[in-house]
Amino acid sequence: MARTEELDALLKEERVFRPPSRLVVGANVGPEEYAASLKVADDNPLVYWERAALELAWFKKWDTVLDETHAPFYRWFVGAQCNIVYNALDRHVDTAVKNKLALLWEGEPGDIRKFTYYELYREVNRFANAMRSLGVGKGDKVVIYMPSIPETVVSMLAAAKIGAVHTVVFGGFSAKALRSRIIDAKAKLVITVDGFYRNGRVMNLKTIVDEALIDCSAQCPDTVIVVRRAGIDVEMSEPRDLRYEDLVRQERPEALTEVMDANDPLFLLYSSGATGTPKGIVHSHGGYMVGVNRSLSWVFDIKPTDIFWCTADPGWVTGHSYLVYGPLLTGASIVMYEGHPLYPQADRLWDMVERHGVTTLYATPTLIRMLMRYGSRYPQRHDLHTLRLLGTVGEPISPEVWVWFHKHVGRGECPLLDTWWQTETGMFMIAPLPISLLKPGSVGRPLPGIEADVVDGKGNPVPPGKGGYLVIKKPWPGMLSGLLGDEDAYKDAYWTKIPGMYFAGDVARKDEDGFFWIQGRADDVLNIAGHRLGTAEFESALVAHKFADEAAVIGIPDAVKGEAAKAFIVPAAGWQDVFASREELIVTLKDHVRRELGPVASIKAVELVETLPRTRSGKILRRVLRAQELGQEVGDLSTLEENDPDRPLMPEE
Ligand code: WTA
């Protein structure tokens, strides 16, 4: 991240945008209600969250809103029973929402599939019954290795309906990454597709699953269910592999919804934290549904007529909270797209907004930067008047990109809501509402019930304008319930860096008006195109190659992806005997990482070096490499050696 340049731009940013009055008048939450809610939430957050919970259906209500006795293992809505799928689907079938469009999916070649709530409900029930007949039930782990297609949504909901715990693995991860997640989760079932379309080509996912399962041996899941999407021939290994279509065809479209404890796990999502190896972040039915429902309906002001398009892949948390669960909880109509945003040309998104009458478009800064490069003539070719609200997530958006999106896509009229949150938070934490004043590049103020702050290393708030660590000072319902099987890692990663506060791992600053400006990660996590990847993941993949003795990876600025990976590698002796040139070795090492981690994790630049800067105890000084790379002062190394070398880089340093 070009911290200094970005920071300079942000510090100079003075533009403010006021919401159009017709939006304020028609908003679900008007200025007065918002102010009153803030007051309730400040005075008594549990009352605020209890009211939010009462908007959903429960099989049994809670005895306690929040149990803090085992903090930081906070438990929300203790004693309550529910199922998020009951709220996302079942209850709608008894209302007018039953016949409304739930999901409109467009394949990359242009094929379209539509499901009403009732149709989606029936499909989910069929698949839930099929999973049950295979012996999958409460607490079992189901790995979903799928692209953006309706059956991915159906699989997630069907698993949750029967009380199984889904873990969606992004299709851009390698066989090895998939295997480690299957093993760590002890998955009983894997759901995948034959293939899917991306940038005019058919990508085969089933072969990657086959490869992942070769060495799983005793830990192999019993069953792999294969959805037909691309219609290509795939090898079906009997009796393990079953066809989705054969299974659901024979099932009834009614299924019992499992009664879950509010704190029973709903899903696992693997993400790279400071620990290096991806950990399974656990979310539960009760608190998560309350947080996601409230945050979506308030921030995106969901109306019965909305056509909500979240461009995220279901493999990331945004896909979970705001492509699948949130919109269905609020009874909205979802748009989902399979393919590449530039296929067949740079107006695919705008064309889809026009054809489907999209009202709300929630995207990432990387996507916007990519489309912005093609200029405003592409959005101009289309009638985008149905758009009401725009949103972004995942990485800082520079004021220039913000203003382009707002002006050329949002006609200068649609509020652009920059939402800050994380896989761990489950839900929006700091975000404006459509009624809010907006400052381009800022994520606005914390939502009611969320106590966020910017503090120094000891937990003291820093003055306005100063950089510091972003923390959350009170628990919130959408929060992770832990990391799968690792209580210590959960405490260390989030709760001990600054005792008593949730450490988000980001650096930020708060201005005089209390607006937050996120600058990027404070730890060794890269944010490449909005995807979190640990430097340790790259490094361990690199040193697994016999011609890389040592490796250190840092983030460098990238015009489209925000950040890219650069590796410093000490090559193994004798490499000259095998490779004709440095370039040849570099290409081999880059290919190796792509194969090891998957196409999502590519290394942009490699520098071969003789040694890496290290502390006396042998830890790599990545911040020295980073400072050299960005042409910044390295600082006083003697003190650095004594202190923790991995101490996060503070923005003012
Ligand atoms: C970053 C994605 C700036 C941040 C929902 C965070 C952001 C990480 C924003 C979480 C934003 C997320 N502005 N940075 N609006 N939203 N981030 O877990 O560094 O994939 O810690 O969740 O993305 O990434 P994750």
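From a predicted model like this one, the values you see are computed outputs, not experimental measurements. First listed ligand is number 1; within each ligand, the first listed atom is number 1.
- Note: Tyr325 and His320 fail the aromatic proximity criterion, with ring centroids not under 6.0 Å apart.
- The distance from ligand 1 to the heavy atoms of Arg521 drops below 4.0 Å at these ligand atoms: 6 (C), 19 (O), 21 (O).
- Put simply, no part of Trp316 is less than 4.0 Å from ligand 1, judged by heavy atoms.
- Atoms of ligand 1 lying under 4.0 Å from at least one heavy atom of Thr318, given by number and element, are 5 (C).
- Aromatic rings of Tyr145 and Phe173 (six-membered ring for Trp) have centroids beyond the 6.0 Å cut-off, not under it.
- At a 4.0 Å heavy-atom cut-off, ligand 1 touches Thr419 through the backbone alone.
- For atom 24 (O) of ligand 1, the closest heavy atom belonging to the protein is Arg532 CD, 3.1 Å.
- The shortest distance between side-chain heavy atoms of Lys510 and Trp517 does not fall below 4.5 Å.
- When hydrogens are left out, the protein atom nearest atom 6 (C) of ligand 1 is Asp506 OD2, 3.3 Å; that is the closest non-hydrogen contact.
- Cation-pi geometry between Arg294 and Tyr48 is satisfied (NZ or CZ under 6.0 Å from the ring centre, within 45° of the ring normal).
- Distances below 4.0 Å separate heavy atoms of Asp418 from the following atoms of ligand 1: 11 (C), 15 (N).
- Contact check for Phe73 versus Ser481: no side-chain heavy atoms found under the 4.5 Å cut-off.
- With respect to atom 13 (N) of ligand 1, the closest heavy atom belonging to the protein is Glu395 O, 3.3 Å.
- In summary, the side chains of Thr318 and Tyr362 do not present any donor paired with an acceptor at a separation below 3.5 Å, with no hydrogens or angles considered.
- At least one heavy atom of Gly394 lies less than 4.0 angstrom from ligand 1.
- Using a 3.5 Å distance cut-off with no hydrogens or angles, the side chains of Tyr322 and Ser295 do pair a donor with an acceptor.
- Here the two rings, on Tyr74 and Trp495, have centers that are under 6.0 Å apart.
- With Ala504, Ala508, Pro396 as candidates, the residue nearest to atom 3 (C) of ligand 1 on a non-hydrogen basis is Pro396.
- Heavy-atom proximity to Thr423, at under 4.0 Å, picks out these atoms of ligand 1: 18 (O), 20 (O), 22 (O), 25 (P).
- The structure places OG of Ser284 at 11.5 Å from CE of Met289, a figure rounded to the nearest 0.5 Å.
- Under a 4.0 Å criterion applied to the non-hydrogen atoms of Asn527, ligand 1 contributes the atoms 1 (C), 23 (O).
- Both the backbone and the side chain of Gln422 come within 4.0 Å of ligand 1, counting heavy atoms alone.
- Tyr502 has its ring centre less than 6.0 Å from the ring centre of Trp476.
- Closest to atom 2 (C) of ligand 1 by heavy atom, among Trp517, Phe516, Trp420, Trp421, is Trp421.
- On a distance-only criterion, Glu424 and ligand 1 share no N/O pair closer than 3.5 Å.
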